[in-house]
Amino acid sequence: MCRHVRGIQHMIVAGCWLRSEDGERISGADLEVPFEGLELFHEVLPGGEDMEMEILAQLQAWPWQPSQSGRWKQDFGPKANFKKQQVKIPETWKGFPSWSQQLLSNLLCRSETLRSFEAVECLSLWYDADRGANHALHVDDLWLWGDRILGVSMQSASVFTFYDPANEAVVRVPLPRRSAYLISGRVRVDWQHGLMAEDISGPRVAITFRELTEAVASSELGQLALERAKLVACRPDDGSESRTDCPTESQEKAFTKKCSGSEKLDVDVDDCAPGQAARDSLSYALLPPDASRVRRACKRIASGACLHPLALICNDRSLHNFLAKQHYICVSNSHICIKRGLKGCQHNKLVLFFLSLSLSLWRLLLLLLLVLVVLVLLVHAGAGATLRMRCGCAGVYAGTGAGTGVEANLGKTRPHLRGGDAPPGVDVLGPDVWCGNLPPQHRGFVALGVPIWSPSR
Ligand SMILES: O=C(O)CCC(=O)C(=O)O
Ligand SMILES: [Fe+2]
């Protein structure tokens, strides 16, 4: 274990020291902003890789929510509005999952610094390397979260980057698989931390435990949150939670192949807006970060048939088998392509699908109905206007020259002189409409009450 790793400028943590690029050994305490308060623990899972796999399997039983910058998250803890400094305890938060309780108790005995550490949040982050996942440099909120932040790295190694913006100093901390870090003190408050995309070379799962600040912990809500965190939350398939990332049978039926061909699309997903919130009505379905672009791409292939691309994580065998027969969009770092079967997409990877049937069908029907209503209204409005115009006509009528003069005239109105008896059919418009048989001073063409022409002009 390495206590208070002493800092550097562009430096890498090597053992208990920092080392500059030219190999010089530097003490963190000698930096402008001391690099102090980082502890690293190797092999924190007593059961090694088997235990890691077991934890990952248990963890995958919980649904992932989309997060920012190509990450997915599972959050067990209070919800906060950091700007307004308000905290809430969601109804749905039932406690920590059992795997995390065990992991935490293993960690607590690794350091004196963790004495009296009471975790109130357990956050799992899944960094999807294929989507260029990263974590921008930041300082964890200081109002809600206490001094100590404890994080475990699983599934692949990475590098934690620390940055002191005032002095432009960078410290790089290798994070091996199954290692844990504890940040507190200067490193927690005065240094930013993050993970660069180039340091995420494979899928990485990070588990972060946070405590409350003393001020929040002593509030009523803080106490409630601490109590809640001691409870064990049941897995979704224990029946206590309705959410699962595997669709039910009827939901499965909602997935249909609507797109065909194996056309490769030049859709760049790198500039997707990160972390677009899931907003689909199906609970297991998460909208991909770039739904509108995928939708557009789908439209190009299937002429509008694919209206609802969905993302889900394919970690269920029956679902996997079902999907093997479907057409799907596969998202890689720089391409979205349409394929059939699951060969191109790995098990447990993010796959985008189309939800086409019911939702889009009834939306389409609604749209048609709306168009129909608008058309009927328009025809009515048009006919009304025409009639009103005709009603004002006296002695001269507009139109093609043939017929009664009451049919729709969509062209230019050409009044022309024609006195004499009323043409057949004009009487339906009213007794005073035709004045072509009156003396010239009473004849003329009036449209919507406006005199347009009279023989005396
Ligand atoms: O992935 C990690 O280990 C870092 C996570 C982190 O910094 C955070 O969630 O605030
Ligand atoms: Fe952080």
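Computation of the quantities below employed the complete heavy-atom set of this structure, encompassing side-chain atoms and omitting hydrogens, waters and symmetry-equivalent molecules. Order of appearance sets the numbers: ligands from 1, and atoms from 1 within every ligand. Model, not experiment: these values are computed from the prediction.
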Between Trp72 and Tyr127, does the ring centre distance come in under 6.0 Å? no
Side-chain H-bond candidate by donor/acceptor type, Ser153 with Arg177, under 3.5 Å: no
Opening angle at the Fe ion (ligand 2) [NE2, His193; NE2, His138; to 10 degrees]: 90°
Can you check which of Arg210, Met154, His193 brings a heavy atom nearest to atom 10 (O) of ligand 1? Arg210
Give the atom numbers and elements of ligand 1 that come within less than 4.0 Å of a heavy atom of Ala206. 1 (O), 2 (C), 3 (O)
Name all residues meeting the ring pair (Phe, Tyr, Trp, His ring centres under 6.0 Å) criterion together with Tyr181; count only those two or more places apart in sequence or in a different chain, and write none if there are none. Phe160
Can you name the atoms of ligand 1, numbered from 1 with element, that are less than 4.0 Å from a heavy atom of Tyr181? 2 (C), 3 (O), 4 (C), 5 (C)
May I ask you to identify the nearest protein heavy atom to atom 6 (C) of ligand 1, giving residue, atom name and distance to one decimal place in Å? His135 CE1, 3.6 Å
Report, in ascending order of atom number, the atoms of ligand 1 lying under 4.0 Å from any heavy atom of Arg204. 1 (O), 2 (C), 3 (O)
For Trp126 and Ala206, indicate whether the former's side chain and the latter's backbone hold a donor-acceptor pair under 3.5 Å. no
Shortest non-hydrogen contact from Pro34 to Arg186? O-CB, 3.4 Å
Fit a plane to each ring of Phe209 and Phe96, take the angle between them on a 0 to 90° scale, and name the class: parallel (under 30°), tilted (30 to 60°) or perpendicular (over 60°). tilted
Is it the side chain (CB and beyond), the backbone, both or neither of Ile149 that lies under 4.0 Å from ligand 1, heavy atoms counted? neither
Does the ring centre of Phe35 sit less than 6.0 Å away from the ring centre of Trp191? yes
Ligand 1 atoms in contact with Leu125 (distance to a heavy atom under 4.0 Å): 9 (O)
Taking atom 1 (O) of ligand 1 as the reference point, the nearest protein heavy atom with its distance: Tyr127 OH, 2.6 Å
Can you label the angle between the His193 ring and the Phe162 ring as parallel, tilted or perpendicular, going by 30° and 60°? tilted
Does any N or O of ligand 1 fall below 3.5 Å from an N or O anywhere on Asp140, backbone included? yes
Do you know which N/O/S atom name in Asp140 is closest to the Fe ion (ligand 2)? OD1
Below 4.0 angstrom from a heavy atom of Leu195, which ligand 1 atoms are there? Numbered from 1 as shown, please. 1 (O), 2 (C), 4 (C)
